[in-house]
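Structure record follows, encoded as structure tokens.
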Amino acid sequence: MHRTRRTVLKGVWAMGALATAVAAGLLGPGRAFAAWNKGAFEAKSALDAMRALGMSNAEDSKNIEIRAPDIAENGAVVPIDITSNIPGTTSISVFIEKNPFPYTGTFDVSQGAMPFVHVRVKIGESSPVRVVVAAGGKHYTTAKEVKVTIGGCGG
Amino acid sequence: MAEPMKIRATLQGDVADVRVLMAHPMETGQRKDAAGKLVPLHFIQTITAQLNGKTVFAADMSQAVSRNPVFAFKVKGAKAGDKLSITWQDNTGDKRTDELVIRAAP
Amino acid sequence: MRLAFAALMAATGLLASCATPQRDHRPDAVAMMKRDFHAMGIAGMDRLNEDSVQAACNQHQDNPPQGVADKLQKEQLAAIKWPADGRLLGDWKSGERIAQDGRGMTWSDKGGAGGSCYNCHQIGPRESSFGTLGPSLYQFAKLRGYGADIQRYAYGKIYNAKAYNLCSQMPRMGHVGALTEQQMKDLTALLMDPASPVNQ
Amino acid sequence: MRHALVLGIVAAIAAAAPWPQATAQVPDPTAAEFDKFREIMEQDNPAELFEMKGEELWRARRGPKNASLEQCDLGLGPGVVKGAYARMPRYFADADRVMDAEARIVHCMITLQGFTYAALAKQPFSSLTRTPDPVSLVTYVAAQSRGMKISAPQSHPKERATYETGKAIFFYRAGAFDFSCASCHGSDDKRIRTQPLPNFTKPQQAIRAVQGWPGYRMTGGVMHSLQWRMNDCFRQQRFPEPGYASETVSALLAYLTVNANGHVYRGPGIKR
């Protein structure tokens, strides 16, 4: 199945019409993206990661909701709810800008999931959490600042 | 050996609210063990959720996802009796699949 | 007969405990702890023993009779080792670091300690993660004055809080050797230096 | 902006009282923010992974005697797990002492399965690489009291005596820093750094010594029980180390739990 999907992807790349194919759902039933994007995951800045993912042209949007604490109780486990209100949302990507490797993940909701995800992440220091949504072949973005405090003892 | 996941699915109309807990260390590769040696990167890279064998949700992720990961997502077009299976695979090639049959809303 | 019994009780100090039906469970507690605990790292079993101050505070629920408190406070005050060079103020910047550092004296610590000050006190204006077990020390000298007596009070209080208030909840940082003289000077400077952010 | 305002208020109060003896209790926006997200964290709690593991361990035939724990008497009769955690610590005649849940599980692992105390006490607390079996087991047992009223018994004379001993341990000041449990947990509305410190001498607050334990600790992402919590309190109290599953720990837990009697236990929780 993986092999099949990759073959399809190659063909799509050859046609130079990936975005169209994704939007049209041609890539089902596999994931909308290709192999785990090492280049993006190893990028040291959010912008570099977004470039590697072809998302660096994302435009600001008010139609993405990020629910995350203003101040996280513990940076090791920061809960984040993301909801996209952009019609035709296919994926949701998360970047924690101040982390050593900002790109945290992409959630593919194009094949039967609602444009929502809950995830818990590690945030090393206070940082904007940037979300990029892919919809209709375009990218949209917004960010929310999460502060990380130091702790006392106990618990 | 990979420990089982805990999966919960609650139907609201034809949308299944899926919540999943995974047992995984999610090592960042930056932590030192008691002997002062760096613990190698060890983290889940991909997740796939299938409803009756058809992929409905998938994720690629990094080591920045918290230890013992927690995810929630919502699957459209689900009904009681549907089989939901979730698979993760980590960077060492280790993988685990668990499944449950979605039950009618109480 | 009854009179003789009462006299005997009074003589042996048992009258008070007869008057209140509850018995003191502290001996049971201490015996149980001494059975169950073991030395670990720098924390030896001797730490389960009360010194004179701890004993007085434990016995009287942190409110010993005035006479007892006065006597012990005087002893504690007399035991303070003041800096030989007569200088009480070190470097407030270093003091801020020491105040932030909450390590020291547990069985998992090796030796040396920080002041743990922010665990319980508000101090500098930039640190919002402060405890409230102790009073705020923000603007410490600005409110109290920068004089030699206040300096001496600040240093002495850090060295041995029990010299000023016998059953104070604050540790005796100098008395037990948790902090060095230089560390205590630096902390005193954090509170007393006119240039310290504490006094802005 | 908000920060400046808070400091302004503190400064104003401090100026009005030149020798302030207590910090003004300003409303704490940080604590409110933490509380808001606590609920989300508790809704999907990795503690459940340990609960699953504990159930598997409870039913498995293990140890030198190749026995399961299904005959373990947690105080409500052999094999009765439901509701047992909410009724401990309690007196057990076969051990002639009051035991908290984990101490009792350890007792059963020794008597039924043939494990040795020395082996169980060697590394009794969770690390990043290992969760000891009694920790998973007590998480499972605790989960079977979810939603039940805490009612640690005080009917046996030894239960009453143990409560009093636990109380005396709670108030006993000693060690390098002159601390007792009460130094941090004996008065209202205090916090250490940003962590609120409940006053365990009051029933309304004592529940916070019990609620959320066993707890999944976000720091390190490990499961910890009340045995660990008490151990770490004594460490921070600058005391020597209490024995694992010892009477001292059970006595202290008896004091805290009895003070919390009547409150509803919500099951294993999540901790900072």
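Reminder, nothing fancy here: chain letters follow the sequence lines and each chain counts from 1. Keep in mind that what you see is a predicted model, and the values were worked out from it rather than measured.
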What parts of residues 14-22 of chain B touch chain A if we use heavy atoms and a cut-off under 4.5 Å?
B/V15

How far apart are the closest heavy atoms of A/F116 and B/A72, and which atoms are they?
CE2-O, 3.8 Å

Would you check if B/F73 and A/V109 make a side-chain contact, meaning some heavy-atom pair closer than 4.5 Å?
no

Is it the case that more than 12 heavy atoms not belonging to A/K138 sit under 6.0 Å from its NZ atom?
no

Nearest heavy-atom contact between A/Q111 and B/K54 is O-NZ, 2.8 Å

Nearest 0.5 Å, please: how far is NZ in A/K38 from CD in B/Q45?
9.0 Å

For residues B/V70 and A/H118, determine if any side-chain heavy atom of one lies less than 4.5 Å from a side-chain heavy atom of the other.
yes

Once you measure the plane-to-plane angle for B/F43 and A/W36, does it fall in the parallel (<30°), tilted (30-60°) or perpendicular (>60°) bin?
tilted

Can you tell which part of A/P100 gets under 4.5 Å to a heavy atom of chain B, answering side chain, backbone, both or neither?
side chain

Quick check for you: to the nearest 0.5 Å, what is the distance between A/T104 atom OG1 and B/Q63 atom CD?
8.5 Å

Closest heavy-atom pair, B/T28 versus A/K122, reported as atoms and distance to 0.1 Å, is CG2-NZ, 3.4 Å

Search all heavy atoms of B/S66 against all heavy atoms of A/A76 and return the closest pair with its distance.
OG-O, 2.8 Å

Which portion of A/F41 sits near chain B, non-hydrogen atoms under 4.5 angstrom:
side chain

Taking the side chain as every heavy atom from C-beta outward, state whether B/D60 and A/N37 have any atom pair closer than 4.5 Å.
no

Supply the atom-to-atom distance B/I47 CD1 to A/D108 CG, rounded to the nearest 0.5 angstrom.
12.0 Å

Interface moiety of B/Q30 toward chain A, non-hydrogen atoms closer than 4.5 Å
side chain

Over 12 foreign heavy atoms within 6.0 Å of CZ, B/R103
no

